[in-house]
**Student:** 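A single structure is presented below for examination.
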Amino acid sequence: MAGMQLTQSAAAVVERDARGRLRTSSSKGANRAIPITLAVLAVLTVLTFARMQYGAVDLGRAALQALADARAMFLQPALDPPYGASHFTWETVAQSTVITLAVTVVCTLLSAVVSFLLALAASENLSSPAVSNAVKAVVAVIRAIPTILWVLVFTVAIGLGSEAAVLGISLHSIAYLTKSYSESFEEIDGGVIEALRASGAGFWQTVFQAVLPGTITKLLSWTFIRFEINFTNAVAVGAFAGAGGIGFQLYQAGTRYYNLHEVGVIVYVCILVAFALELVSVRLRRRYIIND
Amino acid sequence: MTQHVPLLKITGLGKSYDGPRATGQRHALQGVDTTIEAGEFVAVIGPSGAGKSTFLRCINRLIEPSEGSVVFEGRDITHLRRGDLRAVHTKIAMIFQNYNLVYRLCAIQNVLHGRLGYKNALAGALGLYTEDEKARAFELLDEVGLGEFAYRRADQLSGGQKQRVGIARALIQDPKIILCDEPIASLDPKSSRMVMEHLCRVTRQHGIACVVNLHQVDFALEFSDRIIGLREGEKVFEGTPDEVTPQVIARIYEGDEEALVDVEVAGPAPLASGVPVADVSAVGVGATAPGGAQ
Amino acid sequence: MTQHVPLLKITGLGKSYDGPRATGQRHALQGVDTTIEAGEFVAVIGPSGAGKSTFLRCINRLIEPSEGSVVFEGRDITHLRRGDLRAVHTKIAMIFQNYNLVYRLCAIQNVLHGRLGYKNALAGALGLYTEDEKARAFELLDEVGLGEFAYRRADQLSGGQKQRVGIARALIQDPKIILCDEPIASLDPKSSRMVMEHLCRVTRQHGIACVVNLHQVDFALEFSDRIIGLREGEKVFEGTPDEVTPQVIARIYEGDEEALVDVEVAGPAPLASGVPVADVSAVGVGATAPGGAQ
Amino acid sequence: MSTVDAACPSACSRASVDLGWFRRRQLITIGGVALAVAVFQLGASICDFSLAYALTSVPAALAWMLQNFMPTASSLGELGYVLEQTVSTVLDSVAATVIAAILGIVLAVLGSRTVGVEWGPVRGIIRAFASVVRNVPMVAWALLLLLSFKQNEFTGFLALFLTTFGQLTRFFLDTFDEIPTGPVEALRACGASFWHVVFQAGLPLAAADLMSWMLYMVETNIRSATLIGLLTGTGIGFVFQLYYNSFRYDCAGLVIVLTIVLVLAIEAVSNVARRSMI
Amino acid sequence: GSTEGKGGAATTGSDEGSTVDKITMVWLPNESSAEFDKGREEFGKVLEKYAGVPVELMTTTDYNVAIEAIASGKAQLANMGAEGFIQAQKKNAKVMPLVTTSDTDGKLDGAKYFSRICVPADQMDQYKDDSDPTGYSIKNVKSKRMSFVSATSTSGFKVPSNAIMDAFPDEVASTDELTKPGFFSQVLFGNSHPGSAVNLLQGDADVAAFDDIDVDMYLDVPTDDRDKANSAGQVYNVKDGAAQPFDRVQGKSFGIIQSTPVLNGPIAVNTEVLPQDIIDKLLEGLTSKETASDELLFAPEDVEDSGAVWSLGDTAGFIAVEDSWYDPIRNLA
Ligand SMILES: Nc1ncnc2c1ncn2[C@@H]1O[C@H](COP(=O)(O)OP(=O)(O)OP(=O)(O)O)[C@@H](O)[C@H]1O
Ligand SMILES: Nc1ncnc2c1ncn2[C@@H]1O[C@H](COP(=O)(O)OP(=O)(O)OP(=O)(O)O)[C@@H](O)[C@H]1O
Ligand SMILES: [Mg+2]
Ligand SMILES: [Mg+2]
């Protein structure tokens, strides 16, 4: 082994492992969080596969079948025969896309307004600690519940029509936006608020003259990002309850008519809309949230 | 009835912080008495942590004082409720080290924020100012030399310009007194002088009293009518600039390691222009040195 | 056979960028010839945008030169394929302005990265270094005065310390030459001097040639054997530090508004220590002034 | 106006008299608000949404919910089964995330601007592929897989995996794109090969962010798993639907409560992990 | 359609028993799909004509919603399945059947469809049982891989589950247990009747439950004698060229080992929120000849895609029905 010529203080630092080899990272005070987390996740994964129920199907055959189905869906999308079965016309598909977008708009605007108010209450710098913590706790609980459960619960509680879907989607959206908004609010310079307060401005004046102008771009970016998520949710929820729209047609094509070609068309429509929305929201995020 | 009512009468003002931080010195401010007359220009000096900011903020109750009283125009404001405090705040303007402008709004809008205290919630929130208010805002901006920059966004202004917007914002409040917490600490010497000159001129012109926290002793001596020295939360000096001898400076900054003043070397006021005390004193340790420190 | 083969022979090296940016000056670098001998310490100076970085990066083909040739130890490396280039890279080390350390890894691991060029894919990816390599890494770290910081994460080191880790990383490559792209531009004068001294000492000691891009003319004059001056992509001077007269400096920086040198005022080399030319020259506009500007 | 002119000499008289500036700003603000209201109204009329009805029914709905969905003593009898399904959902979420992350990292490494392969088309193809996979509605994935893999936990896992994979690849691509290019360049200049750069610079620099995204995905996946479970008949989604459809709302409520507890717990744990990684 | 609109405008319907200014009718998810748009609209018009008040039709995508709506009185009328009707009635005893669809002879006798338990044709032998009058029994289904339709389906879950419970009284305590593996080695849900049938034909399940009316169009099933066609022991082939999802199991065949008749679902009324005089008028109108001959409601045989909800191939029209007629179903629950 190479004898090292080191100064005393340096030699004192060098560590060797059990076999006398030089260590390239210190055993003391090293950050073990990442390896530990990785290990836990790996163990859980192995455990999952060990106890998972794989069903009665022959996985190989099923995989082939799935590929064939995927082919029908992605490579042969069609509404009309020979592949499609004319369950839907382009008009109805377009109509229901518009409906889903309408639900998305309504949910997003509704939750943006409510979230703005809640976020004011949730921000530590604008509200009292007690109120802030209470709002944050409630919001965390709401956020923990999957959107689809909210929608199903509202469906039985309120009944029919788009209200249940809108409220269900909005609730989760509100929780998300409240968190994002209040984080934006908390980032604003406390001095500005203090300055306005010192000149005798009231709460709402401070909010609209200092807080809102200072954060509006971030709020808009978050709102748009949520718009994108809400669209996805509206599609998913449409499959189950309430508002119908493109999601319901997707569900019908899949579970009622078993026509993957028609599913394919609807999927492409969803992808197209999602692409467009994503393009905008990625831009906004780059511009106003990450770089700000 | 005819008895003289000072603009601001401060008696036994004190603030103590509790909590884990409060190990050694619980009192950030203790038993400060003073009186500010209308139109006076008072500088508060003292080492870092002496309680200058605490003193200033206790006056308009941005910090709640824990003892003592603040009487403004004959009215004890120490225990006013929030609502009533708003009216008092319109009369006591404030200027900050970091300008505290809303950066996404333009200069004129920031100036107009000074009027919010006079407006109802809705009009203020929507930014509905009267024509008179707007006209006055433009005048004041022009007065501090920023007429051309009215529509410039605040974040596009230089530090000195920002602070002058801050001055205009304070002036439009029609205040009786302006409290300034180290208004020039973030500025270069040239901008500092300009801001101090503007501040001094407009307050004298409008007959507004002014209390300025300063690190720069030379500026304090140059511009103010009266100087208050704080150390470890207590008032250790009060007097005219003429009375500020090197010994006084040493007493105020004594014990503060960063700001030991060599009394022999440092001449009488004014000290070298624009250079904070900490720099001047880096020269050496003089007569009143570390023995007195605590 | 016995003919002398220089370490590095650069002939007609040029780089042009196309695209919308290339409106006026297409050539970032144009027709540069020079020869670097083993163990030489060469400084490259020139105003911002002169093509210093481009020159350096064309040598080891971090940027692909668009014309000319680079012959390293007698072998033309201008058109080597990626795989062969790797072997050349092990012999040509590089040091960067921003240190470019992997800040989440500790100093010793960063130093060991210099050995990656010698390792196969697996061993290198997993960080399996031999005991000899590790021992040498510790020694080199110690040599640049960082023996105690071997296990310190790179982001916890100061700027000067980071750059010294960069030097150790270059040294462990056993390079024939080290290319340094403004190694001290982000450092304060004190750290700058320390880094330059370390760099100069270790390269001389190990007989490694060194090409350093520098903004600081004074450092260039003080440390290097030879100086190359670039302006607008072309070599406008090459010679020993002694030959660098104020006129030469003016010629190199002429036309660069930020760095006009007052020939009358600025004395002969070395200029005031640690102050970049831009500052020195802020004094005034001399004989060679704006007329020559473009 | 004229007072301004009088009081205000030279410079300001040109710039400042334009008080119409304020009017324009106000108009912009009012216009923005009006636009939002109009868009909302349009959307509401298209999807037949009545704000008044929705808002007035919320209190009653919440009361009804609390009353009906409050877990009762009898529903606690189902706790064991529900717990079992919940745990399986969590495990599936973790497994789907881990497997998706492994593949996602490979794709992200190959497709990223900083450490990725230099050949342009690879990057484009990877980005397009990830984008398509991510934007196919989860429902569609579930329906597709359901047809061939039938209704079982593995199907749920696969559907979850596909959506997670799309999302994580996107996040990972962004993460790798954002790592500083300097160290990567430095390693290349040392003669390091592609894999050296990936393992010695790319991964160490990105590790904390990658882990953070993974943990975030585990949380999100538990929620997504509910939806997928409804379709593929697995996990909490399935049990919820089972109780819901048979009008045993108290048991359905128990599922909700357990979900809350679990998601919050996982959120807390991953926050701790995330914080100690920096 | 213009008549489809908002849900429970009558949120607190219970106290407006004597008069209504609007009738709300709710449809189950199955009849809510777009293909029945015309038929539903026509039905709304018919109701309006006889009731003399505006009618609002509410489509649903959720089974629970329909039941909650009629039970709570948010809807006055509902088109329901037999099982759903019983559930709604359990929640509110004032929910009553009004009419149902008759058999093709216009009688109640054949107003039913069949819930079947089926196995692959080549495994029929395993289920032969001479002690059973039909020649087959479900004695052997234990530990097999089972496919139901969904946990809420009447003919695809409730009825077959009850049959299994009856056959194995000691081993199955509640139908709930049949939703998870235990008694069966595996439990699948096809999510629809065709789905369940495909599970069986594709070999993913050994035993499957599904009904006749949703599946037989894909099969070679004689239509003359429904009772006979649905008896145990019958074996059927998937039609050549059958549409999705049966395209993947063409040529496969299965046999019936058990079959239970299920009563046709009613148009139910919540008598609490609909005045008796209107109920009477509706009953009279719906059972009239005129209604039965409305081709937009009852599509003539062999006519496809008419948008009609019902078909004259299955029924001759609406027929009044008593609450007690549903007792057999009630007893299942
Ligand atoms: N929120 C707080 N909680 C606890 N202690 C505080 C708080 N704010 C200030 N202090 C303490 O009160 C003392 C006085 O602080 P203050 O900010 O008034 O000093 P200062 O003279 O303005 O100093 P500087 O020149 O640095 O601004 C200091 O010891 C400080 O640590
Ligand atoms: N990627 C690029 N695309 C187009 N032009 C470039 C690119 N990189 C550099 N240039 C141009 O090439 C010229 C030389 O740049 P280079 O970075 O080599 O200068 P430099 O002497 O290192 O300057 P500095 O002292 O500021 O680092 C400049 O005009 C620059 O704008
Ligand atoms: Mg202070
Ligand atoms: Mg450069």
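Every chain is numbered from 1 and lettered A, B, ... according to where its sequence line falls, protein lines coming before strand lines.
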**Student:** Locate the shortest heavy-atom distance separating A/Gly214 from B/Val102; write the atom from each residue and the value.
**Tutor:** N-CG1, 4.5 Å
**Student:** Does any backbone or side-chain atom of B/Asn110 lie under 4.5 Å from a heavy atom of chain A? Answer side chain, backbone, both or neither.
**Tutor:** neither
**Student:** For A/Arg283, does the CZ atom sit with more than 12 other heavy atoms under 6.0 Å from it, leaving out its own atoms?
**Tutor:**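 Open: at most 12 neighbouring heavy atoms sit under 6.0 Å from CZ of A/Arg283.
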**Student:** Taking atom NZ of B/Lys119 as the centre, report whether more than 12 heavy atoms of other residues, nucleotides or ligands fall under 6.0 Å from it.
**Tutor:**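 Enclosed: over 12 neighbouring heavy atoms sit under 6.0 Å from NZ of B/Lys119.
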**Student:** Where on B/Lys91 is there a heavy atom nearer than 4.5 Å to chain A: the side chain, the backbone, both, or neither?
**Tutor:**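 Neither part; nothing is under 4.5 Å.
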**Student:** Under a 4.5 Å cut-off applied to non-hydrogen side-chain atoms, are B/Asn100 and A/Asp189 in contact?
**Tutor:**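 A side-chain contact under 4.5 Å exists here.
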**Student:** Would you find more than 12 non-hydrogen atoms of other residues, nucleotides or ligands less than 6.0 Å from A/Arg23 atom CZ?
**Tutor:**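 Check passes, neighbour count above 12.
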**Student:** Measure the CZ-CG distance between A/Phe208 and B/Leu122 for me, rounded to the nearest 0.5 Å.
**Tutor:** 9.0 Å
**Student:** To the nearest 0.5 Å, what is the distance between CD1 (B/Ile172) and OG (A/Ser199)?
**Tutor:**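 Reported value, rounded in 0.5 Å steps: 10.5 Å.
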**Student:** Using a 4.5 Å cut-off on heavy atoms from C-beta on, say whether the side chain of B/Arg104 contacts that of A/Thr217.
**Tutor:**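 Answer yes - side chains close enough.
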**Student:** Measuring only between side-chain heavy atoms, which start at C-beta, is A/Glu194 closer than 4.5 Å to B/Arg57?
**Tutor:**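 Touching, per the 4.5 Å side-chain cut-off.
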**Student:** Might you work through the side-chain contact (heavy atoms from CB on, under 4.5 Å) test for A/Leu196 and B/Arg169, ending with a clear yes or no?
**Tutor:** CA-CA 10 Å; A/Leu196 261 72; B/Arg169 176 174 64 185; 4.3 Å; yes
**Student:** Could you tell me which portion of B/Leu126 (side chain, backbone, both or neither) has an atom closer than 4.5 angstrom to a non-hydrogen atom of chain A?
**Tutor:** backbone
**Student:** So what's closer than 4.5 Å to chain B heavy atoms on A/Ile216: side chain, backbone, both or neither?
**Tutor:**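 Side chain only.
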**Student:** Between A/Gln205 (side chain) and B/Ala125 (backbone), is there a donor-acceptor pair under 3.5 Å?
**Tutor:** no
**Student:** Which atoms of B/Arg115 are under 4.5 Å from chain A, going by heavy atoms: the side chain, the backbone, both sets, or neither?
**Tutor:**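 When you check distances to chain A, no heavy atom of B/Arg115 falls under 4.5 Å.
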**Student:** Look at the side chain of A/Gln209 and the backbone N and O of B/His113, then say whether any donor-acceptor pair between them is shorter than 3.5 Å.
**Tutor:**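 A pair under 3.5 Å: no.
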**Student:** Non-hydrogen atoms of chain A under 4.5 Å away: do they reach the side chain of B/Leu85, the backbone, both or neither?
**Tutor:**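 Neither the backbone nor the side chain of B/Leu85 comes within 4.5 Å of chain A.
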**Student:** What part of B/Asn60 lies closer than 4.5 angstrom to a heavy atom of chain A: side chain, backbone, both or neither?
**Tutor:** side chain
**Student:** For B/Leu105, is it the side chain, the backbone, both, or neither that has a heavy atom closer than 4.5 Å to a heavy atom of chain A?
**Tutor:** side chain
**Student:** Taking side chain as everything from C-beta outward and backbone as N, CA, C, O, which of these in B/Tyr103 sits under 4.5 Å from a heavy atom of chain A? Side chain, backbone, both or neither.
**Tutor:** neither
